[in-house]
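Indexing begins at 1, ligand by ligand and atom by atom, following the structure's order. What's counted below: heavy atoms across the whole structure, side chains too, no hydrogens, waters or symmetry copies. This structure is a prediction, so every number in the text was calculated from the model and none was measured.
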Amino acid sequence: MRNHVLLLTCLLTAGISAYSQRPDVTLRFKQPAQAYQEALPIGNGHIGALIGGHPNDDRITLNEITLWSGGVQDADSDTAWRILPRIREHLLAGRNKEAQRLLQQYFVCKGQGSGHGSGANVPYGAYQTLGELRVQWRDTLQPWRAYDRRLDLESALAQAQWERGGVTYKQEAIASIPGRLIAIRYTASRKGALHFSVSLHRREHAQVRTDKGRLLMTGQLPNGPQPGLRFAAIVQARTTGGRQTATDSTLRIEGADECVLYFTAATDYNVADYTQRGPAPTQQAASILSAAPPSFSALRAAQRAAYSRLFDKSRFRLNAAAPSDTFSTPERLARYHSGQPDAQLPPLYYNFGRYLLIGSSRPGGLPANLQGLWAPEYQTPWNGDYHININLQMNYWLAPLTGLDELADPLYRYIAMLSGPGAKTAKAYYAAPGWVAHVITNPWGFTSPGEGADWGSTLTGGAWLCEHLWEHFRFTRDTAFLREYYPVMKGAAQFLQGILIREPSHGWLVTAPSNSPEHSYIMPDGTRGSTAMGPAMDMQICRELFGACIEASRILGMDEAWRKELDSIRGQLAPNQTGKAGDLNEWLHDWQDGEPRHRHISHLYALHPYDEITPWQTPALAAAARETLRQRGDDGTGWSLAWKINFWARLGEGDRAEALLKKLLRPVDPVKPKGGGTYPNLFCAHPPFQIDGNFGATAGIAEMLLQSHGETPVIRLLPALPSTPDWASGSITGLGARGGFTVGLQWRNGALTTASIHARKGGPCHLLLPAGKQVVDAKGKVLARSSDGNAPVTFDTTPNGVYSIR
Ligand code: FUC
């Protein structure tokens, strides 16, 4: 104990100048950021910044999550439904090429769609940077030295420190939760040593001026040729000592002892109704940033409390030591890649993934986009949008697993929002009831097919999103939530129900026309194409959503007749099939892959995220899934690697999952990125930067340690623990399990030692209890004992009851 106190005192007095870091919660650099993939992200779900910490000319990227160009448009081709019978005739007769030709001609969106991924100046729009906050220091002739920069994930504080001319300078930045403020404090070891100018920049569509001593940026983004969303940002400086002056567009700080820069921003995007405009952004920003904002310490204390409440819900620890703590994060990545151990990197990645979700998703805002909310670009890659053939979904896999359910609220609302325009799209293309969303979506309610028939016509995007509504219920047993969102699920199911046709060989019900996300096939006659009927993923999504609606309607006591109908249809859907090569068929037929190593492995949807295939319930299909993964290989884009971690975890193969995690942690150069991996600041490299891989791998780590699957979910402790020394001993708290449980675990030498289960709702708990273990309640009463560790035990729980396994 005395040693601990001593150590703590040393650490506290050393501040950040000592080279100590907590390797599972610290990102660390020895240089200012040269590229944004070296900068430190901070955010509160509404606004965010990338802090580079440059001692001469610091350029801080600023973001606001609703800052989207483009606007509401009608991109539905209203008479497309007339061509549907002809497309289907071709498909039924095996003339896929003709079907795809018609699709490209009549069945894509009206207008320019996503602008081929560069839609900033077309109506689809793009998520854009708000601009840059520039801090230019006055005395830069002398070089800086003793540089240190770090992000502490436990307190969500980004700091940089350097020395120049015998003075130590320090920059500390936080994104205030629950406020919509970012605050950056500058201090120096000598009084009166702060001299710099502060300015705001945006390359286009903005004006900056000073207003009552503050910087005010206002602007309006384009909606194609029309004016679009309006925005405003305010920067205010509060100094202690010295002088602060404002010129036309710059704040000058001279001889200050301390300076705090406050930043806020707002747009007139209306989250409650995207077709309407919200209040004027300038007024919104002015009301957030009052003339006398709270002190940095007050903001920090409030932020710390609000942040810790979320971050501390789950903590993951591996007991093996990290290498010497003098290494920076990029050095650690390089060492790890060269095969040197660093058992603290997986926990760091896990903590960072959760940190990023806390920073980019917050009730009342939009969901985390392709870059979360951190983007320095005016034309973000793929418009930084909401791709719903994997990417948006992957962003939220971790939420129910790692104690961050409440942060998925923007996603749930977004799904409900899409169901409005999606009903119009369903009529326009399929003359079908319910709603549909295809592949690309934006905050302007875009649900039409994309502009390319080969990729843009996957019709299960919206239905896949509904999985998140159902899973939220499975994890929380929150019936009020289910009642609220059931109509959205039902609408997506009604659409699918309305478009199923019978394929000629077996009479199975299939979707048509669709495709398997972004992949292509080669038919036996050599025809290459994408358009198909009944791709495996569509059928799995139908089974999952229909199953969810059947159970939900039963729980809610509604729609009895429809439930029966769905049940009967569900049994007639084309099943999962294994091909002659032993892998799972991606299409209705055993066709060859257009790209055998393709990044999407959509037909394994049934293995993850859906739990239709599990090694214990469907061993033959699990073997086919394993073979599919073998054929696809272990390489891929960032998110593809992350998905593979989840697949291997579901197959119970911890070592493969760890191997994939190691691949994902391969260092990627921001300037010359090549292949999937990790940038110096741990942002996932598709490349380019896409945050889905960060979130997906965080979920994957959780899946390695705890799973809960099946119609009556059975909790499995350590289902895919790697056998390597790094993972041999450790602990994790706060993992969510289906049925309304929160689980904590400890293990040593690869075996579970103890676990605790918190029954949030109460009710029966089904658990695969390891051999030799028993379940006891808070009073020590034994509720269940394991026999051989292979058969699940069931015990009753009371609401808020806590149970131990020992
Ligand atoms: C999907 C993927 C791409 C990329 C894009 C944003 O379409 O196929 O790899 O991640 O989304």
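Ionic pairing of K674 and D669 is not present here: no N-O contact between side-chain nitrogen and carboxylate oxygen is shorter than 4.0 angstrom. Salt bridge R101/E98: absent, no basic N to carboxylate O contact under 4.0 Å.
Among L418, L465, L469, the one residue that satisfies the side chain to side chain contact (heavy atoms under 4.5 Å, CB included) test with V488 is L469.
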Mind running side chain to side chain contact (heavy atoms under 4.5 Å, CB included) on Y336 and K662 for me, showing each step along the way? CA-CA 8 Å; Y336 197 60; K662 283 195 162 152; 3.5 Å; yes
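Residue contacts with ligand 1 leave out T637, since none of its heavy atoms falls under 4.0 Å from the ligand.
In terms of protein heavy atoms, atom 1 (C) of ligand 1 is closest to E518 OE2, 3.2 Å. Distance from atom 10 (O) of ligand 1 to its nearest protein heavy atom, with residue and atom name: W639 NE1, 2.9 Å.
Closest heavy-atom approach to atom 2 (C) of ligand 1 within the set H519, H600, H598: this belongs to H600.
Each of the following atoms of ligand 1 lies closer than 4.0 Å to a heavy atom of H686: 3 (C), 4 (C), 9 (O), 10 (O).
Note on ring orientation: taking the six-membered ring where Trp is involved, the planes of W397 and W643 are tilted (angle from 30° to 60°).
Using a 4.0 Å cut-off between heavy atoms, W455 makes no contact with ligand 1 at all. Heavy atoms of D692 found under 4.0 angstrom from ligand 1: none, in either backbone or side chain.
Pairing each heavy atom of N383 with each of S114, the nearest pair is ND2-O, 3.0 Å.
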